[in-house]
Structure formats: C-alpha cells, structure tokens
Amino acid sequence: MTVSEYNNCVDEHSDGVFRFLLKNTGDTEAARDLVQESFMKLWIRRKEVQVEKGKSYLFTTAYHTMIDSYRKNSRMIRMEGHEHESEPVNHGYSDLKEVLDVALSRLSEIQRTVVLLRDYEGYSYEEIGEITGLNEAQVKVYIYRARLSLKQYLISTETVL
C-alpha cells in the first residue's frame, strides 16, 4: 500500500470505523483514540497490507484494539476495587435512538459487535468471521440470538411507555 493509497483508505473508511467503535464503546473520545490507534497500526503495516484488504484489515484491527482496551480497562478497574454497576434504565420513551442504544447496550460484547457489523455496516457473515475470529456458523448464531434479545426488549411494553 502506497502513501496515497493509505490516505485514500483513511478518507474512505475512517467514518465507518469510528461509527462502529462508537456504537460499541458508547464513548466518543475512546472511539476516536481507538480509530487513531487502528490507523496507526495500518500505517506501520502498510507495505504488507494489500489495498483491496484495507477495509477488512482496519475493521479487524479496530475490533481487536477495542477488545484489548476493554481487557486493559477491566483489569485496572478491578485493581482499583471499583465495581461496575449498570446504569438504571429509564423506561420512559424519549427518543428512538436512545431506546435502541439501551437495547444494544444490554447485549453481550460479541453479540453487539456482530449485529453492528452485519446490520449497521453491512458486512457479510464471512467478513464478520474474519474480523472477529469466529466461524460463519458462530456468527450466524450470535446474530440470531442478539436479534432475538433486541426484539424481546423492544417489544416489551415497559420500553415503549
């Protein structure tokens, strides 16, 4: 990958990678840091990455960087003795986006990741498998279970009211 191809890759895929990380982390600054770190890793390996594989490499790198960040932060929190308590869910309907964000936050990390990659970013099952390291059957199972969980949460009367 040449410097101009790298710059084109940044222009074409930075927004998508940022959206993916923002939806998973829920933190704008963390998502920005992870995007920057992912592009830095691409820059370091630019001579080894083919241009056609740039998008896949970026999303795979972003996913693994996010996982590493979660693991690092969870160890730091445990070492400090703080317990992570989930925020109370406000069941009053205020905005569809907020309801969807709460529904997504209730999913496990891997379920949220595969659903966002499939339904939000439009990746195929095979591409999601490459990004997450799962086989295609596992990806389908996680997506099915995530969608079922989302459906159950979204159709409950407490969510809508």
Exercise for the section: Give the cluster check for W43 versus L58: same hydrophobic cluster or not, with ILVMFWY residues linked at side-chain heavy-atom distances below 4.5 Å. Expected result: yes
Handout entry: OH/Y63: more than 12 non-hydrogen atoms of other groups inside 6.0 Å
Key = yes
Completion exercise
Closest heavy-atom pair, A146 versus L107, reported as atoms and distance to 0.1 Å, is O-CD2, 3.8 Å
Completion exercise
S38 and A62 have their tightest heavy-atom pair at OG-CA, 3.1 Å
Fill in the blank from the handout: One should read off an interatomic distance between T113 OG1 and R118 CZ, to the nearest 0.5 angstrom, of 15.5 Å
Handout entry: Flag, side chain of R32 to backbone of E29, donor-acceptor distance under 3.5 Å
Key = no
Exercise for the section: Identify which one of E121, K23, Q111 satisfies the side chain to side chain contact (heavy atoms under 4.5 Å, CB included) criterion when paired with L116. Expected result: K23
Practice task
Could you tell me whether F59 and F20 have their ring centroids closer than 6.0 angstrom?
Solution key: yes
Completion exercise
The reported gap from OG in S149 to CD in Q152 (rounded to nearest 0.5 angstrom) is 6.5 Å
Problem - Residue pair I143 / I128, side-chain heavy-atom distance below 4.5 Å - result: yes
Exercise for the section: Please round to the nearest 0.5 Å and tell me the distance separating atom CD of E48 and atom CG of L42. Expected result: 10.5 Å
Problem - Any side-chain heavy-atom pair of D27 and L22 under 4.5 Å - result: no
Practice task
Check the pair E109 / R112 against salt bridge (charged side-chain N to carboxylate O under 4.0 Å, His left out), numbers first and verdict last.
Solution key: CA-CA 5 Å; E109 179 181 316; R112 183 174 48 250; 5.4 Å; no
Problem - Hydrophobic cluster identity match, V17 and I44, side-chain contacts under 4.5 Å - result: no
Exercise for the section: Take Y57 and R45 through the side-chain contact (heavy atoms from CB on, under 4.5 Å) test and state the conclusion after the steps. Expected result: CA-CA 10 Å; Y57 181 85; R45 300 193 55 149; 3.2 Å; yes
Handout entry: Separation between CD1 of I131 and OG1 of T60, rounded to the nearest 0.5 Å
Key = 4.5 Å
Fill in the blank from the handout: d(N7 CG, F39 CZ) to nearest 0.5 Å is 10.5 Å
Problem - CA sep, side-chain torsions, deciding dist, call: Y153, V102, side-chain contact (heavy atoms from CB on, under 4.5 Å) - result: CA-CA 9 Å; Y153 178 78; V102 170; 3.1 Å; yes
Exercise for the section: Report yes if some heavy atom in the side chain of M66 is under 4.5 Å from a heavy atom in the side chain of T25; otherwise report no. Expected result: yes
Exercise for the section: Return yes if some donor-acceptor pair links the side-chain N/O of E37 with the main-chain N/O of L34 below 3.5 Å, else return no. Expected result: no
Practice task
Grab the two heavy atoms, one from V51 and one from M1, that are nearest each other, plus how far apart they are.
Solution key: CA-CE, 4.1 Å
Exercise for the section: Look at atom CD of Q36 and say whether more than 12 heavy atoms of other residues, nucleotides or ligands are closer to it than 6.0 Å. Expected result: no
Exercise for the section: Please indicate whether R145 has more than 12 foreign heavy atoms, meaning atoms of other residues, nucleotides or ligands, lying under 6.0 Å from its CZ. Expected result: no
Practice task
State yes or no: do V141 and V114 share one hydrophobic cluster built from I, L, V, M, F, W and Y residues joined by side-chain heavy-atom distances below 4.5 Å, directly or via other members?
Solution key: no
Exercise for the section: Determine whether V139 and L117 make a side-chain contact, defined as any pair of heavy atoms from C-beta on separated by less than 4.5 Å. Expected result: no
Handout entry: Close side-chain approach of R147 and D119, heavy atoms under 4.5 Å
Key = yes
Practice task
Assess K55 against Y123: is NZ or CZ under 6.0 Å from the centre of the six-membered ring, and within 45 degrees of the ring's axis?
Solution key: yes
Problem - Atom pair OG/NE2 of S56 and H13 - distance to nearest 0.5 Å - result: 10.0 Å
